[in-house]
Amino acid sequence: MTDRVINWFKYASPQTFYPLAGKLIPWFWALAALFGIAGLAIGFLIAPTDAQQGEGYRIIFLHVPASWMSMFIYLVMAFWAGIGLAFNIRLSGMMASALAPTGALFAFLSLWTGALWGKPMWGTWWVWDARLTSELILLFLYIGFIALQAAIDDPRRADKAGAILALVGVVNIPIIYFSVKWWNTLHQGASVSLTKAPSMAAMMLWGMLLCALACWMYSIAIALMRVRTIMLERERHTDWVRELLDEKG
Amino acid sequence: MLEASNLECVRGERSLFADVSFRLDGGEMLYLQGRNGSGKTSLLRMLCALTPAVSGEIRWRGAPIGKLGEEFRSELCYLGHQNAIKEELTPFENLLSAARLAQEVLDEEAALEALALVGLRGREDLACRYLSQGQKRRAALARLVNEKRALWVLDEPYVALDPAAVELVAGLIGAHLQAGGLAVLTTHQTVTVPAGAVRELWLGDGDATRRSR
Amino acid sequence: MLEASNLECVRGERSLFADVSFRLDGGEMLYLQGRNGSGKTSLLRMLCALTPAVSGEIRWRGAPIGKLGEEFRSELCYLGHQNAIKEELTPFENLLSAARLAQEVLDEEAALEALALVGLRGREDLACRYLSQGQKRRAALARLVNEKRALWVLDEPYVALDPAAVELVAGLIGAHLQAGGLAVLTTHQTVTVPAGAVRELWLGDGDATRRSR
Amino acid sequence: MLRAVIGRDLRLAMRRQADIVAAMFFFIIVVSLFPLGVGPEPDQLRRMAPGVLWVAALLATMLSLPRLFADDHRDGTLEQLALAPQPLGLIVLGKVIAHWLVAGLPLVILAPVLGIQFDLSRDALAVLTVSLLIGTPALSGIGAIGAALTLGVRGGGVLLSLLVLPLYIPVLIFGAGAVDATVSGLGPQAHLSLLGALALGGVFFAPWPTAAALRVALE
Amino acid sequence: MLRAVIGRDLRLAMRRQADIVAAMFFFIIVVSLFPLGVGPEPDQLRRMAPGVLWVAALLATMLSLPRLFADDHRDGTLEQLALAPQPLGLIVLGKVIAHWLVAGLPLVILAPVLGIQFDLSRDALAVLTVSLLIGTPALSGIGAIGAALTLGVRGGGVLLSLLVLPLYIPVLIFGAGAVDATVSGLGPQAHLSLLGALALGGVFFAPWPTAAALRVALE
Amino acid sequence: MHWNSFGEFLAMGSHGLYVWGSVVVMAVLMLAEPMLLVHGRKTLVARLKRQLRAEQQEAGANRSPSHHSHNAPRNTPQE
Ligand code: HEM
Ligand SMILES: Nc1ncnc2c1ncn2[C@@H]1O[C@H](COP(=O)(O)OP(=O)(O)OP(=O)(O)O)[C@@H](O)[C@H]1O
Ligand SMILES: Nc1ncnc2c1ncn2[C@@H]1O[C@H](COP(=O)(O)OP(=O)(O)OP(=O)(O)O)[C@@H](O)[C@H]1O
Ligand SMILES: [Mg+2]
Ligand SMILES: [Mg+2]
């Protein structure tokens with residue numbers, strides 16, 4: 001009897017989660033657009049010129065949110081993966097798979113915007129410095145996670161294998177974050193130019209935070225959308241998906 | 001000793017079997033039957049805790065095998081479709097290293113005798129890659145000769161063996177049962193085990209119902 | 001059609017068999033018997049010209065097979081201990097690509113029918129890695145359903161098959177013999193082929209005399 | 001016939017998907033590792049580039065060699081191929097072509113992109129690509145001999161590299177040499193035509209010894 | 001128990017003989033290829049040396065990874081190991097140690113000899129050897145995770161390199177960095193102790209996720 | 001407002017290429033991702049519907065017991 005209850009939980013959660021996610025998605029899109037417009041407006045229209053870097057510093061409004069998100073999404077992904085591994089909950093595996101592509105996207109954007117920033121500031125697109133390298137490794141970890149899951153047909157096995165990889169890769173996150181502290185490198189430490197002129201800093205900080213919030217909302221919206229697709233695919237033989245498909249005509 | 005209740009096995013989108021229950025005590029053998037693809041191998045692997053069951057429970061001496069872990073494994077001897085012998089090593093080396101990995105003591109004399117018993121005299125020191133199909137299977141089965149662990153799980157042990165060897169293996173299983181051991185066995189050949197009680201279990205028709213929850 | 005004279009097979013320092021001779025005509029089957037390791041597989045591989053014989057000669061339609069080469073191979077269908085199916089491909093793809101490599105025409109309809117006949121309906125599009133042991137063997141044997149080549153050389157075709165499948169394969173061989181084909185077969189199971197004349201050949205006792213020359 | 005073999009091998013490669021993508025990734029990663037180990041001065045990087053790219057291409061090809069026949073051998077397909085009514089050499093040719101399409105061509109396509117990373121000039125990039133286009137078939141062909149010779153042999157994959165790498169050295173020298181010659185202002189023609197000769201030999205001559213080696217492996 | 005696993009794996013390696021010899025030859029050949037591809041100026045060679053030697057060691061290790069569990073998986077031995085009455089992690093530790101003895105240690109022994117070829121100073125040679133001695137166990141340990149994760153998976157060996165190479169990058173950086181630091185007069189201690197931390201993690205932490213991945217592969 | 005003219009805005013103090021290069025790539029990718037998702041979801045739903053319809057037809061046309069059990073939903077617990 002207990003088995004049945006556990007089963008019910010296991011299988012029912014996607015079923016209840018699916019419509020809930022569907023309702024939430026538009027709200028997150030709206031918030032993402034709101035914060036994005038506000039942040040970009042502050043960052044690109046209102047915020048003053050940086051004393052040291054000129055106008056080039058405005059890449060910060062893209063680069064920092066992307067970098068933060070790339071690390072943060074990895075943590076969330078590893079969290080879900082770990083939960084899935086420990087408690088064998090189907091939904092968490094799906095969440096991890098749903099987050100990975102977005103995380104990879106942000107890791108790539110962090111590298112891309114960083115490279116475009118590095119050329120005018122450091123005079124080079126790329127250096128093999130600790131933070132840059134560990135961010136690159138992060139991108140490869142995301143790609144490895146996606147490739148590993150794609151290579152395994154059985155979704156349950158794919159979830160578990162991916163979870164192990166994700167958990168092993170977590171060591172990389174503190175390395176990225178603290179690399180500037182542990183090794184003195186070319187890359188900016190904690191916000192050099194922001195402290196220079198406090199009056200400007202407020203605007204910059206606001207722009208940056210709003211952009212980061214926008215990326216956050218975007219990630220949630222995207223992850224929910226993707227997890228819904230994954231659910232449909234994986235649960236296609238369950239009654240609730242069949243009913244859903246029937247309803248849609 | 002070994003109890004399974006309401007086991008269900010799902011492969012891909014197929015539910016191979018559901019609600020399989022049985023109980024096996026010392027001196028008894030479970031003879032698992034079914035068409036090709038009906039899930040016999042899958043069930044055996046569940047009994048070894050290699051694959052988790054989708055639902056249902058397996059108990060050994062009253063405790064769920066997932067919890068028991070090493071305790072259960074130290075009483076279990078599994079022989080699968082694969083022979084688990086190294087082609088580069090000789091039958092003698094294979095036998096010894098299998099025993100060592102299972103943390104059993106097997107002296108060289110006993111190993112040589114076991115190999116002679118399964119008909120590999122003169123091949124003890126020939127790398128297994130040169131053995132014939134049946135001789136490889138014999139090399140794998142030589143483990144059973146001195147096997148003292150309580151639960152034997154054998155997946156088509158008779159495959160590729162000639163009639164004399166089949167009889168020999170059946171004899172080994174019989175002796176094991178008589179000593180109070182348990183065995184779970186699948187085979188498509190009709191072979192009678194000389195001793196012990198046999199329970200039969202048929203698995204569904206192999207063309208299982210599509211799964212729907 | 002197929003004649004072997006005074007074949008000898010040497011493995012390592014052992015002479016497995018010597019002076020093996022036989023003759024096989026259309027509609028006849030050679031049932032090769034012997035203990036594990038007596039050299040059955042070795043003999044079959046010689047008949048396919050995969051291994052050269054130490055001494056003796058094999059002739060097909062009067063000409064030595066070594067000379068015939070491709071001509072002989074285009075009349076030969078061999079199925080060994082190994083299944084020769086790709087685990088990544090589906091049974092359907094395996095069947096089609098085997099036919100294409102053998103330069104036979106096999107349309108998709110016929111392939112699907114053959115797979116259904118050997119009991120793989122519903123598994124046509126599942127990668128072979130997921131099939132059970134017996135289903136893999138069935139996928140390999142599906143080749144025989146539309147096989148028109150004259151000489152079938154089958155090494156333990158019944159291994160891992162359930163009784164229904166064994167009967168089916170025996171039926172296929174019988175039909176082949178009735179159509180004037182030849183077959184050479186080994187097996188440790190007692191299976192009667194429903195049609196055609198059967199010649200038996202026993203290979204030595206497997207524990208062959210140590211070679212001394 | 002050729003089409004059947006190529007078709008089958010390509011289908012297998014597609015089925016394993018990751019094969020193609022990951023061979024490219026291996027190439028990318030190896031090429032990117034060197035700046036890591038060596039340091040970032042652009043001048044030095046530029047001088048290293050041809051060597052590094054060619055060595056990486058060579059290693060990427062070599063990594064995929066063991067599977068060229070091993071899978072077919074293990075599951076019995078190789079026996080079936082040897083018993084097919086065509087000359088085994090032709091079948092091998094088909095397999096070599098399929099191998100190049102899966103393991104060689106992607107490298108050719110990637111090379112210019114990676115070359116940019118090393119700050120190579122446009123001319124040098126073009127020559128690099130052409131040299132790989134000519135050279136990689138030779139790698140596949142020569143590699144097939146090694147793969148067949150080491151089939152089912154105890155040494156396995158590593159023995160294979162032992163056999164094949166020395167044979168790859170001429171390809172490496174002419175290939176990297178062509179790019180070097182361009183960088184230093186000399187024409188690449190001489191190197192490229194030698195490479196072309198190697199490629200022709202690799203593709204049309206190598207299948208026959210390979211077939212012979214396969215028959216030996218099957219005995 | 002550990003001894004049983006290590007003993008068996010070593011015996012297998014000895015039986016295959018070529019394995020050890022050929023891994024070393026691979027290392028030697030890759031290291032020797034670079035001067036061929038890059039050209040013979042001693043100054044440039046000296047600067048390249050740490051990177052090239054470390055990359056070669058990394059690749060040589062990586063090449064031997066796919067066989068770490070694949071052979072055992074194919075012939076059913078892995079199931080037996082998983083069913084043995086010890087924790088699977090311990091067994092994996094044994095296999096990792098055996099792998100290092102077969103694939104790592106020979107590289108450490110060879111490295112100083114090959115370093116001479118690159119005109120390295122005595123100090124740099126010593127640090128190179130020590131860095132390899134500390135670093136190669138990390139390579140074996142980390143590699144085991146990748147080997148277990150890709151076991152029986154469609155992508156096979158190449159997916160393995162995709163997973164493992166990024167994790168190898170820190171080892172490479174610290175390893176080559178230690179030698180570089182010595183060459184440029186800074187002390188190698190900082191790099192070496194980081195390398196040591198990686199090695200400890202690789203050998204004592206990695207077996208557990210590896211064991212988990214193996215159980216998943218066997219399901 | 002910080003800018004005096006649109007041209008100045010575009011120039012970004014001579015760093016226009018870098019800044020707008022980042023902005024454009026980021027914008028394109030972040031718009032492409034949801035679009036790809038929506039598209040992928042549409043094709044998936046279409047495929048699933050097709051499969052469902054095919055199954056229902058098969059079940060309707062083929063009343064043989066084995067086929068029937070093939071598609072019959074088993075949502076009641078078997079006791
Ligand atoms: C491809 C090159 C680059 C990569 C991979 C990269 C990566 C990162 C990462 C991961 C972060 C977030 C970590 C944290 O918040 O501490 C970050 C933050 C930051 N990056 Fe970069 N970066 C790159 C290039 C640059 C360049 C060229 C600059 C400026 C010259 C720069 C300036 C900053 C700043 C100011 C922050 C915010 C730091 C803070 O406030 O804590 N980055 N970068
Ligand atoms: N991904 C999948 N999708 C659908 N069916 C699958 C999948 N994986 C495995 N199967 C099926 O699961 C079954 C596995 O059966 P198993 O190996 O347990 O059979 P068995 O009873 O041991 O058969 P045999 O007598 O042939 O050894 C097979 O019928 C196989 O086709
Ligand atoms: N190098 C060698 N030295 C000694 N004996 C060898 C060597 N290589 C092979 N053999 C022996 O040759 C024989 C090969 O037999 P073969 O595979 O033909 O047997 P088979 O009749 O097909 O047996 P099975 O019924 O088990 O399939 C085996 O007895 C094997 O031990
Ligand atoms: Mg089975
Ligand atoms: Mg045989």
Side-chain angles (χ1 to χ4, degrees), chain B residues 11-14 16 33-45 80-82 91 116 118-123 125-127 129-139 141 155-156 158-168 186-191 203 205-210, chain C residues 11-14 16 33-45 80-82 91 116 118-123 125-127 129-139 141 155-156 158-168 186-191 203 205-210:
Chain B
R11 282 277 170 273
E13 292 148 15
R14 277 194 189 78
L16 285 180
Q33 279 172 289
R35 294 178 30 169
N36 287 140
S38 55
K40 299 181 296 299
T41 299
S42 312
L43 178 56
L44 293 189
R45 293 174 65 91
H81 280 306
Q82 244 79 38
V118 297
L120 289 176
R121 162 147 299 159
R123 259 82 169 185
D125 293 325
L126 184 66
R129 65 164 68 236
Y130 298 115
L131 296 182
S132 81
Q133 196 78 350
Q135 287 171 332
K136 284 181 194 165
R137 194 73 182 159
R138 285 165 183 239
L141 287 162
D155 202 354
E156 304 202 30
Y158 307 133
V159 149
L161 295 181
D162 61 24
V166 168
E167 202 173 317
L168 177 89
T186 73
T187 175
H188 294 297
Q189 283 163 271
T190 43
V191 177
L203 288 187
D205 70 345
D207 210 353
T209 51
R210 177 147 298 197
Chain C
R11 280 276 170 273
E13 291 149 12
R14 279 195 187 78
L16 284 180
Q33 279 172 288
R35 295 180 29 170
N36 287 140
S38 55
K40 301 181 293 301
T41 299
S42 311
L43 178 56
L44 294 188
R45 292 174 66 92
H81 279 305
Q82 243 78 41
V118 296
L120 289 176
R121 160 149 299 157
R123 260 81 171 184
D125 294 326
L126 184 67
R129 66 164 68 235
Y130 298 112
L131 296 182
S132 81
Q133 195 79 349
Q135 287 171 331
K136 282 181 194 164
R137 194 74 182 159
R138 286 166 183 238
L141 286 161
D155 202 352
E156 304 202 28
Y158 307 132
V159 151
L161 296 182
D162 61 24
V166 167
E167 200 174 316
L168 177 90
T186 72
T187 175
H188 294 297
Q189 283 163 270
T190 43
V191 177
L203 287 188
D205 70 344
D207 213 352
T209 52
R210 180 144 296 201

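All values below were derived from every heavy atom in this structure, side-chain atoms included, with hydrogens, water molecules and symmetry-related copies excluded.
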Quiz item: Of all of C:Gly34, C:Ala164, C:Gly134, which one pairs up most often with chain B through heavy atoms under 4.5 Å apart?
Solution: C:Gly134
Exercise. Of all the heavy-atom pairs spanning B:Ser132 and C:Gly37, show the shortest one and how long it is.
Key: OG-N, 3.2 Å
Quiz item: Closest heavy-atom contact between C:Pro163 and B:His188?
Solution: CG-O, 4.0 Å
Tell me, for [X] versus chain C, whether the close heavy atoms (under 4.5 Å) come from the side chain, the backbone, both or neither.
{"X": "B:Arg11", "value": "neither"}
{"X": "B:Ala165", "value": "side chain"}
{"X": "B:Leu161", "value": "both"}

Exercise. Would you mind telling me which of B:Lys40, B:Gln33, B:Gln133 has the largest number of heavy-atom pairs within less than 4.5 Å of chain C?
Key: B:Gln133
Practice problem: Answer yes or no: are there more than 12 heavy-atom neighbours, outside C:Gln189 itself, under 6.0 Å from its atom CD? | Solution: yes
Self-check item: Sub-4.5 Å side-chain heavy-atom contact between C:Arg138 and B:Asn36
Solution: yes
